[in-house]
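Sequence lines set the chain letters: A, B, ... in the order given, protein chains first and strands last, and positions in each chain run from 1.
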Amino acid sequence: NAGVTQTPKFRILKIGQSMTLQCTQDMNHNYMYWYRQDPGMGLKLIYYSVGAGITDKGEVPNGYNVSRSTTEDFPLRLELAAPSQTSVYFCASSYGGGAAYNEQFFGPGTRLTVL
Amino acid sequence: AQKVTQAQTEISVVEKEDVTLDCVYETRDTTYYLFWYKQPPSGELVFLIRRNSFDEQNEISGRYSWNFQKSTSSFNFTITASQVVDSAVYFCALRDSNYQLIWGAGTKLIIKP
């Protein structure tokens, strides 16, 4: 199993540009998550999904959008990039049964810089 | 409000010393789950342990041990006989009834040879 994969690994955007961060998992997990990690900080939840077709906002959803058309994929869309969105983005997934109990598996992260 | 506090921003010890990383949490939920993750310099996040609110037994896994105390809302992590490879940022996290993980700010652990 590849686990959770993310692309790209690095990206530099200009202010106002848009992009999609890709996330794929091959563990047949129902739950998927997007976090951002600012320097020296813990992770903050952007959006999460409990299954295909279902998404919900986390702590910091403004400026982002998500979709979940399949179990495997959970892309994160940034519209009109701003310097405040400079961060490392992590995608994660977890098994759906007893979701609150199960640990999350993380992708390697995408380092995004907005200039 | 849900909150996780890791008051130690950075700890530096010499190899083979024991070191304890503190984690204090706040929650009104009676059922919750606590986690520790490790983030080595390479940047990935590695799951270490989970603990539910009904299980206050301490956990030991090799050189790692965890002390969960509901009375003080703490879930501390101890590394015995530390090694250079233990150098990383360690995060404590709280999972509430809404399935969201609330993360502490992390403790950077530096193990000097």
If you group Ile, Leu, Val, Met, Phe, Trp and Tyr by side-chain heavy-atom gaps below 4.5 Å, do B:V19 and B:F68 land in one group?
-> yes
More than 12 heavy atoms of other groups within 6.0 Å of A:M27 CE = yes
Working to the nearest 0.5 Å, report the span between CD of A:E59 and CD1 of B:I102.
-> 6.0 Å
Over 12 non-hydrogen atoms of neighbours within 6.0 angstrom of CD1 in A:I15 = yes
Check the surroundings of atom NZ in B:K108: do more than 12 heavy atoms from other residues, nucleotides or ligands lie under 6.0 Å from it?
-> no
Are A:F90 and A:W34 grouped together when hydrophobic residues (ILVMFWY) are joined by side-chain heavy atoms under 4.5 angstrom apart?
-> no
Kindly indicate whether the side chain of B:L101, heavy atoms from C-beta on, has any atom under 4.5 Å from the side chain of A:Y35.
-> yes
Which portion of A:L45 sits near chain B, non-hydrogen atoms under 4.5 angstrom = side chain
Looking only at B:W103, B:F91, B:F47, B:Y37, most heavy-atom pairs under 4.5 Å shared with chain A are made by B:W103
Below 4.5 Å from any heavy atom of chain B, which atoms of A:Q104 appear? Answer side chain, backbone, both or neither.
-> both
B:Q39 portion near chain A, given a 4.5 angstrom heavy-atom threshold = side chain
Flag yes if more than 12 heavy atoms outside B:K70 fall under 6.0 Å of its NZ atom; otherwise flag no.
-> yes
What is the minimum heavy-atom distance between B:F35 and A:E103, and which atoms define it?
-> CE2-CA, 3.8 Å
